[in-house]
Asks: 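Pasting in a structure now, in structure tokens, and then I'll have a few things to ask.
Just so it is clear: chains get the letters A, B, ... in the order the sequence lines come, proteins before strands, and each one is counted from 1. Here the structure is a predicted model, which is why all the values come from computation and not from measurement. Keep in mind that the numbers below use all heavy atoms, side chains included, and drop hydrogens, waters and symmetry copies.
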There are 2 protein chains.
Amino acid sequence: MPAPKAVPAPARRRQRDATQTRNEILDVATKEFADRGYSGARVDQIAAHTHTTKRMIYYYFGSKEQLYIAVLKQAYGAIRAAEQQIEVEHLDPVDAIRRLAELTFDHHESHPHFIRLVSIENIHHAEHLRRSPGLTTLNMPAIELIAKILERGRSSGAFTRSVDAVDLHMMISAYCVFRVANRHTFGAIFNRDLTSPALRDHYRNILAEMIVAYLTASSKQTSTAA
Amino acid sequence: MPAPKAVPAPARRRQRDATQTRNEILDVATKEFADRGYSGARVDQIAAHTHTTKRMIYYYFGSKEQLYIAVLKQAYGAIRAAEQQIEVEHLDPVDAIRRLAELTFDHHESHPHFIRLVSIENIHHAEHLRRSPGLTTLNMPAIELIAKILERGRSSGAFTRSVDAVDLHMMISAYCVFRVANRHTFGAIFNRDLTSPALRDHYRNILAEMIVAYLTASSKQTSTAA
DNA sequence: GATATAACTAACTAGTTCGTTCATTATTCC
DNA sequence: GGAATAATGAACGAACTAGTTAGTTATATC
């Protein structure tokens with residue numbers, strides 16, 4: 001037994017607190033990287049926005065790149081954790097997939113930082129993601145979930161197509177990610193704020209309708225085989 | 001005797017050619033910016049990949065930022081020009097919208113540079129796009145085209161929903177852009193190359209089916225109004 | 001062929017940026 | 001309480017980078 005540590009921890013921040021310092025750096029770095037991109041982010045800026053100094057960034061993370069990788073890891077970890085929470089097994093297939101799409105939509109809506117980091121990582125050809133074991137874990141829970149719903153829908157006859165789970169995930173993600181990631185150029189060109197709160201329900205519903213329509217389409221339109 | 005120099009200069013490039021130099025800089029800059037992002041791009045690198053020098057970049061474009069804006073302008077111009085070429089008025093509404101989706105798909109497939117520039121511009125909150133008059137021209141031809149098809153589909157009864165042209169454009173773009181823009185992270189996580197030539201027809205068909213299914217869905221699934 | 005000017009070049013500068021050095025202070029363990 | 005170790009800070013520097021200076025050469029025009 002390593003001491004019960006009966007200290008009441010008096011709401012006071014310890015003068016030296018490794019994990020808190022580390023976490024603060026990570027949080028500030030997340031914002032800076034998401035905001036300015038990898039090359040655009042400035043280590044000095046990150047330091048300036050913490051209660052500590054640049055020296056600590058190098059003490060804890062070693063380099064700008066490793067800090068960025070730590071930020072990526074944390075961001076992906078949060079998303080995976082959220083995916084684990086999705087509970088739609090009790091719904092019938094159509095409602096389940098609709099619910100899943102809506103939850104994905106809401107989740108992206110509330111995590112713009114994550115989406116920006118993903119965009120940034122794509123600009124860099126996912127080189128950091130690829131080099132980080134643990135981040136590329138396949139068999140994500142979200143895919144397993146979709147696969148199960150698709151299977152149920154197929155056997156119940158509710159879904160008229162055989163659809164691959166990863167493909168469906170891509171269809172849903174594409175819509176959700178685009179709306180957040182490309183809102184600035186889209187807004188500039190079409191003068192429409194895709195992420196305006198007033199339009200949120202509208203766009204969430206379109207997504208759900210689109211996915212359900214695709215899965216349940218009557219077979220009349222199959223392919224115009226040019 | 002220092003060489004006769006009677007060479008007839010056969011189809012020789014002019015030693016001084018303003019437009020060619022300018023265009024070369026623009027082409028090289030497009031690649032550099034698309035490849036490394038705005039902050040990641042190096043003016044010296046761009047100069048090194050041309051037949052001219054860095055001074056010429058400043059001679060013709062004034063600054064890194066103005067060069068970047070010129071690159072953006074050219075890229076958007078090319079896309080607009082391509083959109084003008086789309087000719088689907090002779091097809092019935094369902095085939096027309098399917099064709100439009102497929103053409104959009106193919107167009108994005110063959111212009112990854114443009115998609116990367118758009119991603120990069122979004123990282124920068126579209127600040128350059130917004131400040132460039134002429135780039136934010138509304139009433140794009142693509143939207144007009146979609147609006148016409150939607151109208152025809154509605155009145156013929158082929159389409160069962162009232163859909164906004166900009167929204168439909170967004171749905172199509174989201175799918176096409178995501179597949180190209182996010183292929184690296186998607187590939188790293190799901191071990192699937194979305195842009196693999198072997199899968200191109202597969203993904204193009206999914207898009208077309210999805211859009212057509214949405215527009216022609218029988219009204220049974222409207223909203224599970226939770 | 002002389003002249004004007006557009007096109008061009010090499011080398012440089014001022015400022016930035018990542019990363020480090022060296023010294024100091026708090027905390028833990030005995 | 002004292003030693004060992006973990007955490008911290010101020011200032012520095014080497015390398016890089018956008019932008020400039022000062023001068024040169026090709027081309028068109030007369």
Asks: I want to check one thing: is the phosphate of dA18(D), taken as OP1 and OP2, less than 4.0 Å away from some side-chain N or O of Ser63(B)?
Replies: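 So the side-chain polar atoms of Ser63(B) never come under 4.0 Å of the phosphate oxygens OP1 or OP2 of dA18(D).
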Asks: Within less than 4.0 Å of OP1 or OP2 of dG9(D), is there a side-chain N or O belonging to Thr52(A)?
Replies: yes
Asks: Which pairs with one or both residues in residues 186-199 of chain A pass salt bridge (Lys or Arg N to Asp or Glu O under 4.0 Å), sequence neighbours excluded?
Replies: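 Pairs touching residues 186-199 of chain A that pass the test: Arg192(A)-Asp164(B), Arg192(A)-Asp167(B).
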Asks: To the closest 0.5 Å, what do you measure between CD1 (Ile69(A)) and CZ (Phe33(A))?
Replies: 10.0 Å
Asks: For Glu24(B) and dA7(C), give me the distance from atom CD to atom P, rounded to whole Å.
Replies: 15 Å
Asks: Please report, rounded to the nearest Å, how far the P atom of dT17(C) is from the CD1 atom of Ile46(A).
Replies: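 Ile46(A) atom CD1 is separated from dT17(C) atom P by 12 Å.
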Asks: Taking atom C1' of dC18(C) as reference, at what distance in whole Å does atom CZ of Phe33(A) sit?
Replies: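 Value for this atom pair: 12 Å.
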Asks: Without decimals, in angstroms, what is the distance between Asp44(B) CG and dC12(C) C1'?
Replies: 12 Å
Asks: Whole angstroms only, please: what is the CG-P distance between Asn23(A) and dA7(D)?
Replies: 13 Å
Asks: At a cut-off of 3.5 Å, list every protein nitrogen or oxygen paired with a nitrogen or oxygen from nucleotides 20-23 of chain C, distance to 0.1 Å.
Replies:
{"residue": "dT21(C)", "atom": "O4", "partner": "Arg55(A)", "partner atom": "NE", "Å": "3.2"}

Asks: Using atom CD of Gln20(B) as one end and atom P of dT27(D) as the other, report the distance to the nearest whole Å.
Replies: 12 Å
Asks: Measuring to OP1 and OP2 of dC16(D), would you say a side-chain N or O of Arg42(B) lies under 4.0 angstrom away?
Replies: no
Asks: Without decimals, in angstroms, what is the distance between Met56(A) CE and dA10(D) P?
Replies: 11 Å
Asks: Between Thr53(B) and Tyr38(A), who's closer to the 5' end of DNA chain C by nearest nucleotide?
Replies: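 In this pair, the answer is Thr53(B).
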Asks: Just by distance, with hydrogens left out, do His128(A) and Glu121(A) show a side-chain donor and acceptor under 3.5 Å apart?
Replies: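 There is such a pair between these side chains.
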Asks: Please give, in whole Å, the distance from dA7(C) P to Phe61(B) CZ?
Replies: 12 Å
Asks: Check whether Tyr58(A) forms a cation-pi arrangement with Lys64(A) (NZ or CZ under 6.0 Å from the six-membered ring centre, at most 45° off the ring normal).
Replies: no
Asks: Should Arg42(B) and Glu32(B) count as an ion pair when the cut-off is N to O under 4.0 Å?
Replies: no
Asks: Apply side-chain hydrogen bond (donor to acceptor under 3.5 Å, both in side chains) to Lys54(B) and list each qualifying residue two or more places apart in sequence or on a separate chain.
Replies: Asp44(B)
Asks: Verify ring pair (Phe, Tyr, Trp, His ring centres under 6.0 Å) between Phe114(B) and Tyr76(B), making sure each step is shown before the conclusion.
Replies: CA-CA 8 Å; Phe114(B) 173 72; Tyr76(B) 270 99; 5.0 Å; yes
Asks: Using the side-chain heavy atoms of Tyr60(A), tell me which of these nucleotides is nearest: dA7(D), dG19(D), dC18(C).
Replies: dA7(D)
Asks: Using a 4.0 Å heavy-atom cut-off across all strands, classify Ala41(A) as base, sugar-phosphate, or nothing.
Replies: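 The answer is sugar-phosphate, as Ala41(A) gets under 4.0 Å only of primed atoms, P, OP1 or OP2.
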